[in-house]
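First the proteins, then the strands, lettered A, B, ... as listed; each starts at 1. Any value given below was found using the heavy atoms of this structure, including those in side chains, with hydrogens, waters and symmetry copies removed. Here the structure is a predicted model, which means the values were calculated and not measured.
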Amino acid sequence: MCALELGFITGAEKRTCLARHNYIGMTHLLIGLLCESGSASISELENLRVDPGIINKADQPERDKELWDKIIALIDKANKRRTVESEASASNLVVAKRNVKHIVSSSTKAPVENALFDGSSLPMMDKNIGNHVIPQDETIKDNSNVIQLKNHPSPFIKIPSWASLHPSPSSSSSMPGQHQNGRLESVHLLSLANHGRFNEAREFLDLMDSSGISIKRHVYQSLFTACGISKSINDGRFFHNHMMKKIGSKDLNTSIADCLLKMYVRCLGFDDAYRVFHKMSNKMLSSWNIMISGFVHNGHLQEALDLFLRMKDEGFDPDMKIFACLLLGCTIDLNVDIGKQIHSYMVKIGFSNDISIDTELVNMYAKCGYLDSSALVLDHMVERNATSWTSLMVGYTQASRQFEALVLFKHMMLENTELDPFVFSIVLKACSESGNWKAGKQIHGCIIKLGMDSDVSAGTPIVDFYVNDGNILEAQNAFDRISQPNEVAWSAIIAGYSQLGRHEECFRMFKFLRSRNITLNSFIYSSLFQASSALTDSSSGSQLHADAIKRCLISNLVGDSALVTMYARCGDMQYAQKAFELIAEPDTVAWTAIITGCSYHGQASEALDFFDMMISCNVKPNAITFIGLLNACSHTGLVSLAKEYLDSMYVGYGVEATVDHYNCMVDVYCRAGQLEAAYELISSGSFKPDSMSWKILLSGCTTYRNMGLGKIAGENLLRLDPNDTAAYILIFNMYTGAGRWEEAAFVRKMMNERGIRKEVSCSWITVRGTIHRFIVGDKHHPLTKHIYFKLHELERLVMLSESQVSTNEDVSIIHKQRMEQLLDHSERLAIAFGLMSLPTRCPITVFKNLRVCNDCHSFTKMVSKVTGRDIIVRDSNRFHHFRGGRCSCDDYW
DNA sequence: ATAGGGTTAG
């Protein structure tokens, strides 16, 4: 009760409680009187979303002066006819000074649509009182923040007992006409129920009982409706019991019983509903309808059908509604057999040419995948509307027959069907799924011509269409045209930014949404988790996670899988595992996420274990699962196991192996140094090698210095992809690694001629919330001097430690030369900076955009040994955990 | 009555 919280009414707690009823009662009194004077019907009031019209009238006394006079006269009359009530009622109108001031000075119109007990409407009623009853100049004696209305006693000060619920013997006998119907109390009771305040409503009903005030049947009816809307079955049962006690079951008329049925059905209390239904001696078609539709809407098609048959047995003729309902049931249940029977039955009894029934049929057949039947029904319809067409179009797109959906759209346009926004969402989907960008743009034009692009239902699919086309600018434009974007529109644009790699933009939008208190949903969070993992921003990621938990917005699977990936990609496998373990029933994607996560961290045996668990949980792996598995094998040199997995893919799990899988296998061989086997597989004809296949082989040849194969691989690679930067770099590295300077120089020249530049390598590290970024030879950092000093110090330490191992002077000289060459690689700068700025026990986590080079990898291993620090490096490929001179990748990287 | 937004890979 806002009025109380605002300090409208003062007094001890018990009294305020009482006063509350009186205060509300008083408000009702006004309404009741208005009602009696004929300007509003009681049924309107009993709904107690108070008709704004009533209040408006009260708000404009000039227009309804007569009415107001009448009210005041009536109240006065009522006052005279009863003795002055206790102080309790007097205290009702003790009004806080602040509020009166506010009321008097306020010229703004309070929003009338607000529900009566919303608080906001109460001051408004006061305002009316202030304007019309209490002249503004007559104020008010200050009495320690509490003011009493003084000179001009409001007519409301003396509240009639019949409005205050105080059992007053005099009133019940002397005013039977007023007390009789308990109308005001009923209105109050209903208003409580309509606001979902059932506990108070029940208390109030008790109070009414003890005051001897009864309620009428239609009030019960409204109570049941309120319980149904709030899905409060227990309160529904309470009022039901109350009614049975007061009225008894014999007198139940059909409309009350129907209300009861509706309430129980809405609350999913089918047993209760059945009990009522069985006892009904006067069932009508509507009663059957309620029951059947209740079962249908909650997925109990069989029960609905049983009832339908019984209904026919009892001699009722089914109407359209029931047929539409049963067909909907078949659609939900995807039960085309029953659907067909109902269809034939309707034909048999001569139901035809009804647009809504036929549309329901089109929809039913389409959803069940019976597209020909669906098309047939649509064809035979005398008149079709947008819904009928849309239903079949959905069927076509779901069956990957996008082209036919588009043809259908054309027919629909030719027939001059009146379009609605829903049509576009399916047509645009058909366009983007079939890559028909041109048609999609034409349809976009059509939407603009119709002036529907500002409609969220048409605008959102446009956004989605351009996202799929990879055109975020157009998507953003389309989004900007939507006049009232809803959460679906927001999630579409955020997902677009996330999918197209504009991750920072996702966060920007998210912050905006939060600052505006716009509804968020689990779709948005899923995209944001994805953005966090792409940015390897675990701090945003975990904050988002917490935020989503608070709002209960982690969708069961999709969001969870994204979370697992987020933690894994950010380097926290423990959290990734925890997130995974919390998933009640992981699906293929979730299992794949944890398997890939493990593989990303080089935890091959864990990855394989998860795969076994997945299989024993009867979850089917997909193509991506196998990529994760094969990668895990390749990172740990499990050659024969990888071969087994590759061979078992189709035979054991029905998943076709693609180039990607074969490339993984090529990678497995290459990393294990089995270059010939890799080459054999590429040349075997079991798959069509792409540039990636050769690139992997080339990379292997570089590592293992196999010039013969490397040349072949390089030639094939450049043949397939002459503009691939990485190809040139690889070939260049291969030659320099082997000391073949001439060839290396030739490659460099070729690169220059063809305008190919190496991507700048870049590493970054987060220290106390700030990201520090380094490129090769970077001297921009404010602490550059210290960083290089640290690097030299590290170098000395490493050399010292190396020389203990190797006494060979030549080796150490060569090593020293190379060390100097490579000293300013970006990851080294980041590591040195991390070592000087982070606390001693804190692991150093560095991110790099490209792959770590061989030298830096050994350098980092040594640094971890000589400093005793844990160093984690994430390169473009995976995570490396360095500790005590070893790396988690075991040099398979 | 009809649809629309998200997740796993390199």
Just by protein heavy atoms under 4.0 Å, how would nucleotides 2-7 of chain B read 5' to 3' in B, S and -? BBBBBB

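- Defined by atom type and a distance below 3.5 Å, a donor-acceptor pair is missing between the side-chain atoms of Asn622(A) and Thr588(A).
- Side-chain atoms of Tyr575(A) and His545(A) form no donor-acceptor pair, as typed in the model, at a separation below 3.5 Å.
- Put simply, CD1 on Ile624(A) is 5 Å from C1' on dT8(B), counting in whole angstrom units.
- In the model, His661(A) has no side-chain atom that pairs as donor or acceptor with a side-chain atom of Tyr645(A) under 3.5 Å.
- A straight line from CG of Asp667(A) to P of dA9(B) spans 16 Å, rounded to a whole angstrom.
- One atom, CG of Asp660(A), and another, P of dT8(B), lie 16 Å apart when rounded to the nearest Å.
- A donor N or O paired with an acceptor N or O is not found under 3.5 Å between the base of dA9(B) and the side-chain atoms of Asn631(A).
- At a threshold of 4.0 angstrom between heavy atoms, the contacts of Asn385(A) include nucleobase atoms, whether or not backbone atoms are also involved.
- Taking atom CD on Glu383(A) and atom P on dA1(B), their separation rounds to 18 Å, with Å as the unit.
- Heavy atoms from other residues, nucleotides or ligands lying under 6.0 Å from CZ of Phe323(A) number more than 12.
- There is no side-chain donor-acceptor pair under 3.5 Å between Ser532(A) and Ser540(A).
- Distances shorter than 4.0 Å separate some side-chain N or O of Arg569(A) from OP1 or OP2 on dA9(B).
- Here the P atom of nucleotide dA1(B) and the CE atom of Met381(A) are 15 Å apart, to the nearest Å.
- Remark: His411(A) pairs with Trp389(A), Val407(A) by the side chain to side chain contact (heavy atoms under 4.5 Å, CB included) rule, at least two apart or across chains.
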